[in-house]
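This report concerns only the one structure given below.
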There are 2 protein chains.
Amino acid sequence: MNIKEASEKTGVSSAAIRYYEKESLIPAIDRTPVGNRDIDDRIIRRIRFVTQMRAAGMSIENLRRYIELFDAQEDNTKEQKALLQEQLAVMEEKRDDLQAAIDHLNYKLKHFYDHMEATEEELRQLEKEHANRTAQKDETPEGF
Amino acid sequence: MNIKEASEKTGVSSAAIRYYEKESLIPAIDRTPVGNRDIDDRIIRRIRFVTQMRAAGMSIENLRRYIELFDAQEDNTKEQKALLQEQLAVMEEKRDDLQAAIDHLNYKLKHFYDHMEATEEELRQLEKEHANRTAQKDETPEGF
DNA sequence: GCTTGCCTTGAAGTGTACATGAAGGTTTAA
DNA sequence: TTAAACCTTCATGTACACTTCAAGGCAAGC
């Protein structure tokens, strides 16, 4: 398959595929007699792996480090494991930060919702907010 | 508090705080008589809000859109809700992508682990992998 | 034989989110 | 009073991850 088809199949632009090859995130791609890239399913899978890890926030640099180890023939199992675990820790922290932010936004949404539904409770609400304002220390007032 | 203290308190560089102010991600900061920024807890909270949303992947641009709506005096509740929900969807998708990548890496780690522990099972392992190789269609072989 | 549409390479350009540097003002401590 | 340790603005620089451009090759169809 040519690069355009591979691009359509993976959702990664032709230019990005060339870039990934140049940066060794994917193996050197076979060429047709005239020099065009001839992309097979092995490459497609590796493009998808790159896409997934990129989406998860792994940098090009770290990806290359990992893939270099993986492609080397020596037994790098320990280094690979260490690298994976390192990356895993980064990603889990990211996920947790993300979850915290999601929780924050959900809380705010609920708050908005209350506000919109509770017209008849407005005074009570205002009173509560005033009580909060006078009592609060570090509890994210004014919605932030 | 001056900008350096605020920077230490939030972990955001002085330059970044100035940048956030210029980009209206945080309100205009009060100045001392000589023109230095005088940062109070309200600003600190808003810097932290920015930090959290940035860590969650919200762009400067989207953050500004949201904050503009929030700071405007008209009733933007609906737009705010919509914007929050939009962002929430983006973040949940990110979280899920991240989780998928974490699962992928965990799987690989387990695989490495098996490989290291299971020297006596090597042949069985190889046989299994061969069976996989002949049967697989799109299941990420060769570790990717 | 010329247009269309794919491909190639290498170099240069783009957008985001800051970081850094220059040039200078003010306060504090020795 | 002079040095340090802050601060200011404005301009330029940097890193990352591509994207776009320029110049050209090859193959098919009209």
Side-chain angles (χ1 to χ4, degrees), chain A residues 1-26 28-40 43-44 46-68 87 90-91 94 97 101, chain B residues 1-40 43-44 46-67 87 90-91 94 97 101:
Chain A
M1 125 189 37
N2 67 22
I3 200 168
K4 204 192 179 205
E5 289 164 334
S7 165
E8 280 157 7
K9 204 164 177 180
T10 59
V12 175
S13 75
S14 300
I17 293 175
R18 292 193 196 100
Y19 172 72
Y20 288 166
E21 187 190 13
K22 210 173 80 184
E23 296 296 319
S24 304
L25 299 189
I26 57 179
I29 300 172
D30 290 343
R31 303 309 173 104
T32 65
V34 296
N36 291 5
R37 286 172 182 79
D38 185 15
I39 295 173
D40 60 19
I43 303 290
I44 295 289
R46 296 196 51 163
I47 292 169
R48 290 197 170 131
F49 175 74
V50 169
T51 307
Q52 186 175 23
M53 293 302 139
R54 292 284 307 117
M58 195 185 231
S59 69
I60 297 286
E61 180 57 27
N62 271 351
L63 252 174
R64 197 185 26 228
R65 281 208 298 149
Y66 170 69
I67 287 167
E68 254 166 40
Q87 182 60 28
V90 170
M91 282 161 61
K94 262 193 192 187
D97 286 354
Chain B
M1 117 190 43
N2 67 22
I3 199 169
K4 203 192 179 206
E5 288 163 333
S7 165
E8 281 157 7
K9 204 163 177 181
T10 59
V12 175
S13 73
S14 301
I17 292 174
R18 290 192 197 99
Y19 173 72
Y20 289 166
E21 188 190 12
K22 209 174 81 186
E23 296 297 318
S24 305
L25 300 189
I26 57 180
I29 300 172
D30 290 344
R31 304 308 173 106
T32 64
V34 297
N36 290 3
R37 286 172 180 81
D38 185 15
I39 295 172
D40 59 19
I43 303 292
I44 294 290
R46 296 197 51 163
I47 291 170
R48 290 196 171 131
F49 176 73
V50 170
T51 307
Q52 187 176 19
M53 293 303 138
R54 293 282 308 116
M58 196 185 233
S59 69
I60 298 285
E61 179 59 26
N62 269 352
L63 252 173
R64 198 186 25 230
R65 281 207 300 149
Y66 170 69
I67 287 168
Q87 182 60 28
V90 169
M91 281 160 60
K94 261 193 192 185
D97 287 354

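Chain letters run A, B, ... following the sequence lines, proteins first, then strands; residues in each count from 1. Treat the numbers as computed from the prediction; the structure is a model and nothing was measured. Every heavy atom of this structure was used, including side-chain atoms; hydrogens, water molecules and symmetry mates were not.
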To the nearest angstrom, the NZ-P distance between A:Lys22 and D:dA17 comes to 14 Å

List in chain and number order the residues that pass side chain to side chain donor-acceptor pair (under 3.5 Å) with B:Asp30, two or more places apart in sequence or in another chain; answer none if no residue qualifies. none

Minimum heavy-atom separation for B:Val50 and B:Leu25, please, with both atom names. CG2-O, 3.7 Å

Is it true that a side-chain atom of A:Asn62 and a backbone atom of A:Gln87 form a donor plus acceptor pair closer than 3.5 Å? no

Shortest side-chain distance from B:Val34, nucleotide among D:dT8, C:dC7, C:dT26: C:dT26

Nearest-Å distance for atom pair CG/C1', residues B:Asn36 and C:dT26: 8 Å

Output the rounded distance in Å from CD (B:Glu5) to C1' (D:dC7). 12 Å

Do any N or O atoms from the side chain of B:Thr51 and from the backbone of B:Ile47 form a donor-acceptor pair under 3.5 angstrom? yes

Under 4.0 Å from OP1 or OP2 of D:dC7: is there any side-chain N or O of B:Asn2 that close? yes

Would the distance check show the side chain of B:Arg54 and the main-chain N or O of B:Met58 forming a donor-acceptor pair, the cut-off being under 3.5 Å? yes

Summarise how protein sits on nucleotides 15-21 of chain C as a single string, 5' to 3': B when a protein heavy atom is under 4.0 Å from the base, S for sugar-phosphate-only contact, - for no contact. --BBSB-

C:dT8 C1' sits how many Å from A:Arg31 CZ, rounded? 8 Å

If I take atom CD in residue B:Glu21 and atom P in nucleotide D:dT9, what distance separates them, rounded to the nearest angstrom? 8 Å

Measure the distance from CD on A:Glu23 to C1' on D:dT19 and round it to the nearest whole Å. 14 Å

Please answer whether the main-chain N or O of B:Ile3 pairs with a side-chain N or O of B:Ser7 as donor and acceptor at a distance below 3.5 Å. no

Per side chain to side chain contact (heavy atoms under 4.5 Å, CB included), B:Tyr20 is matched among B:Ile29, B:Leu63, B:Ile60 by B:Ile60

Calculate the interatomic distance between A:Arg64 atom CZ and D:dC18 atom P; express it in whole Å. 12 Å

Answer yes or no: does a side-chain N or O of A:Arg37 lie under 4.0 Å from OP1 or OP2 of C:dT8? yes

Whole-Å gap separating C1' (C:dC6) and CD (A:Glu8): 12 Å

